[in-house]
Amino acid sequence: MARILTGIQSSGRQHLGNILGAIQPAISLSQTPGNDSFLFIADLHSLTTVKDPVARKENLYATAAAWLASGLDTSKTVFYAQSHVTECTELTWYLNCFTPFPMLANAHSFKDKSDKLADVNAGLFDYPVLMAADILLYDAQWVPVGKDQRQHLEMTRDIASAFNRHVGQEVFVIPEAKIEESIMSIPGTDGLKMSKSYKNVVDIFLPEKALRKQIMSIVTDATPLEDPKDPTSCTIFTLFSLLSTPEQKTDLAERYRAGGLGYGTAKTELLELILSVYAEDRKRFDTLMTDTRAIDEALVVGAAKARPIAQATLGRVRSALGF
Ligand code: ADP
Ligand code: TRP
């Protein structure tokens with residue numbers, strides 16, 4: 001039996017890359033018998049970049065709705081919003097005082113973000129410590145994350161070990177990252193990694209018209225309609241093959257290679273595939289977003305399950321530190 005925990009930032013709506021790369025794998029893991037799973041929306045982390053309160057609320061709902069619509073079972077997973085369990089921010093302070101400044105200054109993600117963003121705030125710098133608190137608060141053993149989070153997990157382990165060594169007690173469980181190397185990076189409409197920050201997403205929960213517009217904006221080469229095309233270098237085909245049956249994939253690949261298939265037709269087929277594969281999830285998403293009370297209730301129940309565990313950990317920390 002392993003305790004698994006992961007968080008997802010609510011810095012925008014969840015796109016196809018998030019669904020295939022994070023949401024579906026985490027849901028499968030939570031369904032493995034014997035696993036004890038915690039999944040939370042990292043809304044405090046999103047404050048490092050999102051400052052608008054209306055956007056914050058919308059992003060929280062859209063993120064929660066994406067997880068619930070994708071099949072997350074809240075009777076099997078403790079599902080909560082990070083900001084609802086405030087013990088996390090108290091633990092962040094204690095951990096801050098055991099975190100060497102140069103470790104944070106050398107973090108890749110901080111360096112990347114501070115090069116790109118106009119607003120370089122201290123929250124951005126302290127981001128990994130809040131993440132360590134998320135994990136250590138719940139005695140998590142396995143933390144499924146993307147490759148980009150590997151360094152954050154190493155920092156969490158270093159901070160926890162330094163703390164345990166200092167107080168001479170095993171206050172924290174040392175967690176392990178579970179990095180799924182086989183999950184590919186899903187390309188966005190411009191062919192680069194799909195990401196909220198690149199504005200190249202396919203948002204499968206959008207109304208059909210807006211989703212069509214995103215699909216139609218996928219960048220292709222200029223091969224004329226009648227010429228044979230290489231499916232392996234085409235974003236439309238890559239996205240199609242991630243969702244199709246093997247037969248549908250072979251059929252489309254053959255039509256690419258034969259010539260006479262226009263990219264417009266391939267885009268329409270991709271749209272139809274998304275609409276059919278995600279038909280039920282899209283309906284559930286709309287229902288949840290139309291009346292957000294079900295989301296609020298799910299998050300209240302989740303926080304009530306999470307809080308006693310967080311309080312127990314914080315009790316151990318306070319007592320070890322003499323508070
Ligand atoms: P974004 O780049 O859109 O801001 P995040 O960095 O918040 O996405 O990532 C949330 C989760 O989704 C992470 O586990 C990450 O590995 C996964 N993920 C994000 N984009 C992709 C993608 N294009 N392909 C596969 N997985 C992705
Ligand atoms: N930083 C993670 C990301 O951007 C989100 C996150 C916050 C997280 N706290 C966490 C992931 C704790 C795992 C465990 O993807």
Side-chain angles (χ1 to χ4, degrees), residues 3-29 37-50 59 62-63 66-67 70 78 80-83 85 88-89 91-92 95 107-110 112-113 116-117 123-124 126-157 159-160 173 175-204 235 238-239 242-243 306 310:
R3 177 163 294 176
I4 298 169
L5 173 143
T6 196
I8 184 135
Q9 265 206 77
S10 51
S11 50
R13 288 165 59 102
Q14 303 302 296
H15 52 72
L16 188 59
N18 298 140
I19 292 173
L20 297 175
I23 298 184
Q24 284 175 359
I27 291 179
S28 311
L29 210 58
S37 105
F38 284 64
L39 204 138
F40 69 94
I41 300 175
D43 54 349
L44 291 173
H45 276 110
S46 80
L47 184 58
T48 57
T49 51
V50 180
N59 289 343
T63 304
W67 279 88
S70 301
V78 181
Y80 57 101
Q82 183 188 32
S83 66
V85 186
C88 177
T89 46
L91 180 59
T92 302
L95 298 181
H108 310 309
S109 80
F110 176 69
D112 285 354
K113 289 177 189 163
K116 286 193 200 114
L117 297 174
L124 213 53
D126 205 34
Y127 185 110
V129 186
L130 179 59
M131 182 159 163
D134 290 330
I135 298 169
L136 301 177
L137 200 51
Y138 299 99
D139 299 330
Q141 291 161 295
W142 285 0
V143 183
V145 280
K147 285 177 225 164
D148 56 326
Q149 300 296 316
R150 191 192 296 272
Q151 194 185 31
H152 287 156
L153 257 296
E154 276 160 16
M155 291 179 176
T156 302
R157 290 167 58 89
I159 297 168
V173 170
E176 258 176 63
K178 200 167 183 330
I179 296 168
E180 192 54 85
E181 301 285 352
S182 67
I183 292 177
M184 64 176 294
S185 171
I186 314 291
T189 52
D190 56 0
L192 301 173
K193 176 189 180 286
M194 190 181 293
S195 169
K196 286 167 216 114
S197 32
Y198 304 155
K199 309 229 170 340
N200 63 354
V201 304
V202 172
D203 180 346
I204 61 145
T235 305
T238 305
L239 295 178
L242 288 165
L243 304 176

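Read the numbers this way: they start at 1 and go in the same order the structure lists the ligands and their atoms.
Under a 4.0 Å heavy-atom criterion, Q149 is not in contact with ligand 1. For the pair M184 and ligand 1, a heavy-atom separation below 4.0 Å is found. Ligand 1 lies within reach of N18, whose nearest heavy atom is under 4.0 Å from it. Note on ligand 1: S185 sits in its first shell, one or more heavy atoms being nearer than 4.0 Å.
The shortest N/O to N/O separation between S195 and ligand 1 falls below 3.5 Å. Considering backbone and side-chain atoms together, M194 places an N or O closer than 3.5 Å to an N or O of ligand 1. Between I186 and ligand 1, an N or O atom pair is found at a separation short of 3.5 Å.
When heavy-atom distances to ligand 2 are checked against 4.0 Å, the residues falling inside are L5, T6, G7, Q9, F40, A42, H45, Y127, M131, D134, I135, V143, V145, Q149, ordered by chain and number.
Under the 3.5 Å distance criterion, the side-chain polar atoms of E176 are left unmatched by any main-chain donor or acceptor of W142. Side-chain atoms of D43 come within 3.5 Å of backbone atoms of S83 as a donor-acceptor pair (strictly under, hydrogens ignored).
Contact between Y127 and H45 at its shortest, heavy atoms only, is O-NE2, 3.1 Å. Nearest heavy-atom pair across M194 and V201 is CG-CA, 3.7 Å. Here the closest heavy-atom approach between residue T92 and residue C88 is recorded as OG1-O, 2.7 Å. Considering all non-hydrogen atoms of both residues, S195 and H15 come closest at CA-NE2, 3.8 Å. P144 and L5 make their closest contact through CD-O, 3.3 Å (heavy atoms, listed as atom of the first residue, atom of the second, distance). For the pair S10 and S46, the tightest heavy-atom approach, listed with the atom from each and the gap, is O-CB, 3.7 Å.
Near G146, with a cut-off below 4.0 Å to any heavy atom, the atoms of ligand 1 are 14 (O), 16 (O). The distance from ligand 1 to the heavy atoms of G21 drops below 4.0 Å at these ligand atoms: 25 (C), 26 (N).
Side-chain contact between D126 and L130: absent, with no pair of heavy atoms (C-beta onward) separated by less than 4.5 Å. Counting heavy atoms from C-beta outward, L239 and I186 have side chains that approach closer than 4.5 Å.
Per-atom contact check: atom 25 (C) of ligand 1 touches the protein, criterion being a heavy-atom distance below 4.0 Å.
When the options Q9, K193, K196 are ranked by their closest heavy atom to atom 7 (O) of ligand 1, first place goes to K196.
Annotation: atom 6 (O) of ligand 1 to nearest protein heavy atom, D148 OD2, 4.2 Å. At the top of the distance list for atom 11 (C) of ligand 1, counting protein heavy atoms only, stands A22 CB, 3.6 Å. Closest to atom 27 (C) of ligand 1, if we only count protein heavy atoms, is G17 O, 3.4 Å.
R157 pairs by the salt bridge (charged side-chain N to carboxylate O under 4.0 Å, His left out) definition with nothing, not counting sequence neighbours. Under the rule for a side chain to side chain contact (heavy atoms under 4.5 Å, CB included), the partners of A306 that lie at least two apart in sequence or sit in another chain are V78, Y80, V85, Y138.
For residues 127-141, the salt bridge (Lys or Arg N to Asp or Glu O under 4.0 Å) pairs, not counting sequence neighbours, are D139-R316.
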